[in-house]
Number of protein chains: 2
Amino acid sequence: MQEKLRSHIETIVPLTNDEFSFILSLFTVKRFKRNEFIIQEGESVRYAYFVVSGLLKLTYTDDSGREHIVSFAMEEWWESDFQAFFKQTKASMSLQCLEDTIVLGLTLENYEEMSLKVEKMRIFLIKMSNAGFIASQQRIVSLLTNNAKERYEKMLKSYPALFQRVSKTQLAAYLGVSRETLSRFSS
Amino acid sequence: MQEKLRSHIETIVPLTNDEFSFILSLFTVKRFKRNEFIIQEGESVRYAYFVVSGLLKLTYTDDSGREHIVSFAMEEWWESDFQAFFKQTKASMSLQCLEDTIVLGLTLENYEEMSLKVEKMRIFLIKMSNAGFIASQQRIVSLLTNNAKERYEKMLKSYPALFQRVSKTQLAAYLGVSRETLSRFSS
DNA sequence: TTCAATTTGTGATGTATATCACGGCGCACT
DNA sequence: AGTGCGCCGTGATATACATCACAAATTGAA
């Protein structure tokens, strides 16, 4: 479990045992069951989460009550309502488990402690954040450029594993297409 | 000109004169005319740019030749094809001036030098990157949640200044709607 | 194991938006 | 002072996709 975090960080920066022990001490292990909410819209967001195992969806529910999936998070991804986390405001999104899930939670205080005390982690955090930014930007390009069927096929190619793990309803909510229309793509 | 960069950085972290001089020495001033390309698709991307004055568009051209605007950048924004910049690969996007523009360019080498030598700048860079990530994620939410007219009206409210500066054609390419359809919104 | 709830496919129809086609208007460049 | 070209509006038509409705298949909780 801890090894997952360590090897994840060490894909970017090497750590001494002492450094890693310190870093680890800043995290809290949390376990959730399938369908449980980790973050609920309107509540405050105390943690950013590193996913050890399981699968999460980050969702936004619009005025009409329709749920849109902003992102999925699987093993070795970071997830939270980062806007609410960093600005310490109420969540505008929800974070919910699609499978039983184990995460490591990091408070904003500990996030800042980590980046103050462990120099290397700043480099790591910059790289993580840049990677997230670049991924979001590519999602924007895809939403602007490709129609629903193209987005579906692109995703099927890029993340075939996800198709085994999430329902078509969830996929549709991620791709920005209705369940029925998505259903007609596969056939 | 330099003051713009300094005050921009100091909204996040204060700097000594020496620190700022050093930082400034890592940048190159560049001037471009309206319609000039700063980055062209397919070329390598040597710089990330801080916009001192003017207005830029970051665009992606799809297979059918249609141009989509990924983002606008005005004074005190950072812009580049960051994927290509950080990974040192060929640009998949273009960066073009919508007005005569002055930018400060930073190479990846100097970017890394800056974050190595000036501790505080790592904090700054993390915050910038997080802000970019959060903004992108909200754009995704808007693309998933709102229809074209809602996106148009939201933008009109959020960035009224931009409406004075860019053509409707450009706006349409940013909002992900055809020029003709957008034209029917205002009337 | 059973039964309710969720998931999925599919037809019929409605609607938002794209596409094509055209004309006028204004601005930049010579 | 033209003039050529990008910008903008608008009608007619096409199309991708949403919505509504229903039944079969699958799942999961008691």
Side-chain angles (χ1 to χ4, degrees), chain A residues 32-37 54-55 57 59-69 72 96-101 140-156 162-187, chain B residues 32-37 54-55 57 59-69 72 94 96-101 140 142-156 162-187:
Chain A
F32 296 92
K33 293 249 168 230
R34 179 182 160 89
N35 291 329
E36 253 190 285
F37 282 89
L55 184 61
K57 63 173 178 182
T59 61
Y60 175 79
T61 303
D62 67 25
D63 306 330
S64 79
R66 201 189 177 88
E67 179 182 289
H68 305 272
I69 296 186
F72 294 109
Q96 191 181 6
C97 301
L98 294 173
E99 301 174 358
D100 295 354
T101 295
I140 290 170
V141 168
S142 177
L143 284 167
L144 289 176
T145 305
N146 304 123
N147 64 24
K149 183 160 198 184
E150 289 165 343
R151 296 202 297 278
Y152 171 81
E153 278 159 0
K154 220 167 190 175
M155 200 189 177
L156 185 57
L162 213 58
F163 278 62
Q164 261 55 49
R165 293 171 74 178
V166 311
S167 72
K168 307 252 171 165
T169 307
Q170 306 296 332
L171 269 187
Y174 177 83
L175 291 170
V177 69
S178 72
R179 184 190 70 69
E180 296 92 329
T181 297
L182 182 135
S183 166
R184 291 183 239 264
F185 292 159
S186 29
S187 53
Chain B
F32 296 92
K33 294 251 168 228
R34 179 183 160 89
N35 292 328
E36 254 189 284
F37 282 90
L55 183 60
K57 64 173 179 182
T59 61
Y60 175 79
T61 303
D62 67 26
D63 307 330
S64 79
R66 201 190 179 87
E67 179 182 288
H68 305 273
I69 296 186
F72 294 109
S94 298
Q96 191 181 5
C97 300
L98 293 173
E99 301 174 358
D100 293 355
T101 296
I140 290 170
S142 177
L143 284 167
L144 289 177
T145 305
N146 305 123
N147 64 25
K149 184 161 199 183
E150 288 165 343
R151 295 201 297 279
Y152 172 81
E153 279 160 358
K154 219 169 191 173
M155 202 189 176
L156 185 55
L162 213 57
F163 277 62
Q164 262 55 49
R165 294 171 73 179
V166 310
S167 72
K168 308 252 172 164
T169 307
Q170 307 295 332
L171 268 187
Y174 176 82
L175 290 170
V177 70
S178 73
R179 187 190 68 70
E180 295 93 329
T181 297
L182 182 135
S183 166
R184 291 183 238 265
F185 293 158
S186 30
S187 53

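Both backbone and side-chain heavy atoms feed into the values below; hydrogens, waters and symmetry mates do not. Here is the naming used below: chain letters follow the sequence lines, and residue numbers restart at 1 for every chain.
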Practice task
Ignoring backbone atoms, establish whether Ser167(A) has a side-chain N or O less than 4.0 Å from OP1 or OP2 of dT6(C).
Solution key: no
Exercise for the section: Check side chain to side chain contact (heavy atoms under 4.5 Å, CB included) between Arg165(B) and all other residues, then give those that pass, not counting sequence neighbours. Expected result: Leu55(B), Met74(B), Glu75(B), Glu99(B)
Practice task
Let me know the distance between CZ of Phe163(A) and C1' of dT8(C), rounded to the nearest Å.
Solution key: 15 Å
Completion exercise
Applying salt bridge (Lys or Arg N to Asp or Glu O under 4.0 Å) to Glu67(A) and not counting sequence neighbours gives Lys57(A)
Exercise for the section: Specify the separation, in whole Å, of atom CG of Leu98(A) and atom C1' of dT27(D). Expected result: 16 Å
Exercise for the section: In whole angstrom, give the distance that lies between atom CZ of Arg165(A) and atom P of dT27(D). Expected result: 17 Å
Problem - Value in whole Å for how far the C1' atom of dC17(D) lies from CG of Leu144(B) - result: 15 Å
Problem - Rounded interatomic separation in angstrom, taking CD from Gln170(B) and C1' from dG6(D) - result: 11 Å
Exercise for the section: Considering just the side-chain nitrogens and oxygens of Ser183(A), establish if one lies under 4.0 Å of OP1 or OP2 belonging to dT10(C). Expected result: no
Problem - Nearest-Å distance for atom pair CD/C1', residues Glu150(B) and dA18(D) - result: 14 Å
Handout entry: Nucleic acid footprint by protein, nucleotides 12-30 of chain C - heavy-atom cut-off 4.0 Å, B for base, S for sugar-phosphate alone
Key = B----SBBB----------
Problem - Centroid-centroid distance, Tyr174(B) to Tyr152(B), less than 6.0 Å - result: no
Exercise for the section: With sequence neighbours left out, write down each residue that passes side chain to side chain contact (heavy atoms under 4.5 Å, CB included) with Asn147(B), or none if nothing qualifies. Expected result: Lys149(B), Glu150(B)
Exercise for the section: Would you list the pairs meeting salt bridge (Lys or Arg N to Asp or Glu O under 4.0 Å) in which at least one residue belongs to residues 170-180 of chain A, sequence neighbours left out? Expected result: none
Fill in the blank from the handout: Taken to the nearest whole Å, CD/Glu67(A) to P/dT7(C) is 11 Å
Completion exercise
The side chain to side chain contact (heavy atoms under 4.5 Å, CB included) partners of Ser94(B) (sequence neighbours excluded) come to Phe37(B), Glu41(B), Thr59(B)
